[in-house]
There are 2 protein chains.
Amino acid sequence: MNNYTQMLRNHNLKATPQRLAIVDMLYMHGHMSIDALYEVMIKKFSSISLATIYKNINLMLENTFIQEVKLPNYKSVYELTKESHSHTICEKCGKINDIILDLNAIVNTVSTLKNFEISKADLVLSGVCKNCV
Amino acid sequence: MNNYTQMLRNHNLKATPQRLAIVDMLYMHGHMSIDALYEVMIKKFSSISLATIYKNINLMLENTFIQEVKLPNYKSVYELTKESHSHTICEKCGKINDIILDLNAIVNTVSTLKNFEISKADLVLSGVCKNCV
DNA sequence: GTTTAAAGGATAAAAATTATCTATAATCTT
DNA sequence: AAGATTATAGATAATTTTTATCCTTTAAAC
């Protein structure tokens with residue numbers, strides 16, 4: 001039994017082949033839209049329903065097994081939950097990357113300045129990656 | 001002729017009453033979803049079509065007269081284009097606020113570290129505002 | 001005022017997402 | 001390991017969201 005099986009069960013999710021494949025795809029690709037996910041899944045499960053993709057994505061979101069990443073000008077993508085991080089997106093090639101940044105200074109500033117208790121900071125940096133300049 | 005009339009024309013948009021009202025609503029409310037906008041607009045223009053809202057929002061986006069703000073767990077909201085800024089959103093009351101933060105340190109770090117030319121930084125801070133603690 | 005080009009409203013169409021229902025498969029119990 | 005239990009997959013319909021079309025009206029230019 002691989003580790004995703006157990007991880008899914010720990011989140012009260014049955015480890016179905018479809019689900020394991022979704023998790024596997026997200027792990028391999030890093031970030032995927034619903035469409036992209038359906039496209040790769042249909043290759044493995046020729047009769048998979050789009051509803052199954054949606055249902056599973058929503059369930060996994062509720063169980064914080066995965067996270068939604070909202071991007072300017074693009075559709076949302078989904079990724080496995082991991083250490084808190086930010087994202088870069090290349091406006092030329094569309095490549096999305098994780099990047100771990102220390103946002104403590106900013107978070108602290110806002111907390112004290114505005115009396116706003118921050119629980120989460122979502123940062124997306126848009127631009128041009130080194131391969132596209 | 002008020003200033004929005006001229007501003008719309010500068011963006012090659014005819015200054016129709018509906019458009020002026022949309023701009024006015026965005027100015028007054030700061031951030032509005034499509035639904036919220038339609039709700040207030042129907043009060044002024046009892047026969048306005050939802051399509052008109054969508055068409056205008058999309059046109060104004062293309063002309064960068066307004067900006068879309070994508071928020072975790074919420075629908076997108078729209079705001080008049082102004083000086084670059086970040087957002088806070090209260091998880092209790094849903095209130096969205098603008099906040100001007102200096103992200104230069106972070107932007108520079110990423111630029112040099114990852115060779116990524118940043119053109120835009122979208123930051124949303126989720127948490128609890130001072131009124132909701 | 002007349003012309004013209006764009007925009008509004010009504011509506012249909014398309015796209016995206018969610019709900020329903022039944023057979024099946026995963027997990028639990030023994 | 002076999003049977004009982006429960007959640008899930010798939011098919012499909014329904015709903016929601018967004019866009020397109022078509023014709024009439026209106027803003028802006030002359």
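Here the structure is a predicted model, which means the values were calculated and not measured. Proteins come first, then strands; the chains are lettered A, B, ... in the order of their sequence lines, and each starts at number 1.
Partners of His29(A) by ring-ring contact (aromatic ring centres under 6.0 Å, His included), not counting sequence neighbours: none found. Partners of Asp102(A) under the salt bridge (Lys or Arg N to Asp or Glu O under 4.0 Å) rule, at least two apart in sequence or in another chain, do not exist in this structure. Evaluation of the side-chain hydrogen bond (donor to acceptor under 3.5 Å, both in side chains) rule for Glu39(B) yields no partner, not counting sequence neighbours.
Regarding Lys14(B), its NZ atom lies at a distance of 11 Å from the C1' atom of dT3(C), rounded to whole Å. Rounded to a whole Å, the NE2 atom of His11(B) is 18 Å from the P atom of dA6(C). At whole-Å resolution of the value, CD1 in Ile57(B) and P in dA7(C) are 14 Å apart.
Pairs engaging residues 44-56 of chain A under the side chain to side chain donor-acceptor pair (under 3.5 Å) rule: Arg19(A)-Asn56(A) [sequence neighbours left out]. Each side chain to side chain donor-acceptor pair (under 3.5 Å) pair with one or both residues in residues 60-73 of chain A, not counting sequence neighbours, appears once here: Gln67(A)-Thr81(A), Glu68(A)-Ser76(A). Sequence neighbours left out, the pairs with a member in residues 79-95 of chain B that pass salt bridge (charged side-chain N to carboxylate O under 4.0 Å, His left out) are Lys82(B)-Asp98(B).
Membership of the apolar cluster around Phe116(B) extends to Ile99(A), Leu101(A), Leu103(A), Ile106(A), Val107(A), Val110(A), Phe116(A), Ile118(A), Leu123(A), Leu125(A), Ile99(B), Leu101(B), Leu103(B), Ile106(B), Val107(B), Val110(B), Ile118(B), Leu123(B), Leu125(B), as traced through chained side-chain contacts below 4.5 Å between ILVMFWY residues.
For the helix from dG1(C)-dC30(D) to dT30(C)-dA1(D), the axis fitted to the five pairs at one end and the axis fitted to the five pairs at the other end meet at an angle of 50° (nearest 10 degrees).
Proximity of a side-chain donor or acceptor of Asn108(B) to a complementary backbone N or O of Asn104(B) within less than 3.5 Å is detected.
To the nearest 0.5 Å, atoms CG (Leu26(B)) and OH (Tyr4(B)) are separated by 9.0 Å. The distance from atom CG of Leu80(B) to atom CZ of Phe65(B), rounded to the nearest 0.5 Å, is 6.5 Å.
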Quiz item: Are Met32(B) and Met25(B) close enough, and set up right, to give a side-chain contact (heavy atoms from CB on, under 4.5 Å), and what steps lead you there?
Solution: CA-CA 8 Å; Met32(B) 299 182 86; Met25(B) 287 302 120; 3.9 Å; yes
Please table the atom pairs, donor to acceptor, closer than 3.5 Å between any side-chain atom in residues 126-133 of chain B and protein atoms at least two apart or in another chain.
none

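Hydrophobic clustering places Met28(B) together with Leu20(B) (ILVMFWY residues linked when any side-chain heavy atoms are closer than 4.5 Å, directly or through intermediates).
Bracketed by its first and final contacts, the part of DNA chain D lying under 4.0 Å from non-hydrogen atoms of chain B reaches from dT17(D) to dA28(D) in 5' to 3' order.
Taking every heavy atom of residues 61-74 of chain A and every atom of DNA chain C, no pair lies under 4.0 Å.
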Quiz prompt | Reading 5' to 3' through nucleotides 9-20 of chain C, protein heavy-atom contacts under 4.0 Å coded B for base, S for sugar-phosphate only, - for none | solution = BBB----SBBB-
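Applying the 4.0 Å criterion to OP1 and OP2 of dA6(C), one finds that Asn12(B) has every side-chain N and O outside that range.
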